[in-house]
Structures are given as C-alpha cells and as structure tokens.
Amino acid sequence: MCGIVGAIGDKQCSSVLLDALKRLEYRGYDSSGIVTIHDGKIARKRAVGKLANLDAVLVKEQLMGDIGIGHTRWATHGGVSETNAHPHVASERVSIVHNGIIENHRVLRLRLEAAGHKFSSDTDSEVLAHLFVEAFDAGMQPAAATQKVLAQIDGAYAFAVMTIDFPDMLIVARNASPLALGIGDEACYVGSDAIALSHLTRKVVYLKDHDYALVHAHGIEV
Ligand code: GLU
C-alpha cells in the first residue's frame, strides 16, 4: 500500500501534488503518476522508478489545472510499468488512484469487458475507474455512483476519483486503508497519510472505514 494525494481549488495543483507525494516517499514505491483536468480533458503524466523521474517529465511538460490526483504505487497486481502505474483513466472521463487490493477484481473485470469496457492495465485497481464510468453512464450522481461501486467491491482500499463528468469535486473512500482530508481556505486536499497534508493546512479530517466523501474546493461532505 503506497501513497494517494489529491487537490482541488489549488492553482499550483500539479506541483502541490508532486510535493505531497515526496512527503510519502519514505513508504517506498516503484512508480508514480499525476492527473489533472485541463481544458475539459484529463491530462496525465506517469513514470517508473523514483519521483525524480516524474519530476523530470513534469519539468518538460507541466500539467495545468486546479484539480488533480496523484499516486505512488507499490505493485501487487500487474508488473512495474508505466501502463500499470496509477492514475488509471477509463473512457477518457474517469481517473482513479487506489491503495490496497480489490479482491474480486477478476470477476468484475470479466463482467465489464463483456459489457464493452476496454482495459489498459493489468492492475486490480483499474476496475474502479470502469465501475464509476458504468454508474455515471446509468445517470447516477456522485454519491449514488459511489455507493453503487462500494457495494460491488471487496478488499482493502483507499481511493480517489477525478472525473470530467463532475469536475468540481474529488470522490474518495476507504476501507482498511488510511485516508485523510485537509481543508484549506480556498482549496481542499486528500492524502493517504496526514504527513502529506500537514504543510498545506492544519484542519485535517480522518475518514473511517466504509466512509466516502465528496471533496470540493470549499469544503467536504462525508
Ligand atoms: N493493487 C494496486 C496495484 O497493484 C495498488 C497497489 C498500491 O497500493 O500501491 O496497482
């Protein structure tokens, strides 16, 4: 289980996320990545190895936008590669970062693939992105969609979702894996460890198992 970070409402989003990931570096990881929404599209950068490699990619081509999520991965399902590095994106609309293991990922993936979903990684985590696409396609609002997804998955998880369907929020949830939310003046933040957020705000809320939250720039709903 490695690191999750998120930010919404912060114009320096990409560099804030990279900095927050660096604060989680002590946990160890094999690859990393960040996504933001810019001009109505999901923009993504990933790299295998040290965060310095992701940093170098971002120096060449900065990710713009004031909403984003990031991850440092410790592979459990699927080898160490850029395509297996998080964030995962489904249908160019829904992006996720996940810590932990989705135990029933195989059966979910088979069902989703049979329904036409195209997977682009070997990870257990990617099913989360497709489950959210499925729920949004069915017309569900974020809270109902999250409840629907949580009802289908087994395992230990903390995850964050960013979607162009609802670009004014991040969706987060946890079970048996830590997740903290930071509330700032103009922005809110997500971290799998409060250490990632402590330099951004003093107001930190810890989610409990089975909690989910909608994180907006100006506050959170748990
Ligand atoms: N099971 C996921 C994967 O292999 C997440 C691993 C992690 O917690 O970093 O991609």
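Note that ligands are numbered from 1 as they come in the structure, with each ligand's atoms numbered from 1 the same way.
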| request: For His77, take its heavy atoms, then give the atoms of ligand 1 lying under 4.0 Å from any of them. | output: 4 (O)
| task | Taking only heavy atoms of His71 into account, list the atoms of ligand 1 that are under 4.0 Å away from them. | result | 9 (O)
| message | To the closest 0.5 Å, what do you measure between CD1 (Ile171) and CG (Leu128)? | response | 11.5 Å
| What residue among His98, His77, His130 forms ring-ring contact (aromatic ring centres under 6.0 Å, His included) with His105? | His77
| Which heavy-atom pair separates Val172 from Ala160 by the least distance, and what is that distance? | CG1-CB, 3.8 Å
| request: Using distance alone, determine whether Arg73 and ligand 1 share an N or O pair under 3.5 Å. | output: yes
| Which pairs pass ring-ring contact (aromatic ring centres under 6.0 Å, His included) with one or both residues in residues 160-204, sequence neighbours excluded? | Phe136-Phe166
| Mode of Cys2 contact toward ligand 1 - side chain, backbone, both, neither (heavy atoms, under 4.0 Å) | both
| field | Under-4.0 Å heavy-atom contact with ligand 1, by part of Asp124 that carries it | value | side chain
| said: Listing request: all ring-ring contact (aromatic ring centres under 6.0 Å, His included) pairs with a residue in residues 29-61, at least two apart in sequence or in separate chains. | reply: none
| note | Closest to atom 8 (O) of ligand 1 (heavy atoms only, candidates Ala85, Gly100, Gly79, Gly78) is Gly100
| query | Would you say ligand 1 has an N or O under 3.5 Å from any N or O of Thr123? | reply | no
| note | Taking only non-hydrogen atoms of Trp74 and a 4.0 Å limit, the atoms of ligand 1 in range are 6 (C), 7 (C), 9 (O)
| field | Separation of Glu126 CD from Leu131 CG (nearest 0.5 Å) | value | 11.0 Å
| task | Identify which one of Arg27, His71, Arg174 satisfies the side chain to side chain donor-acceptor pair (under 3.5 Å) criterion when paired with Asn99. | result | His71
| Considering only heavy atoms of Ser125, which atoms of ligand 1 have at least one such atom less than 4.0 Å away? | 1 (N), 2 (C), 3 (C), 5 (C), 10 (O)
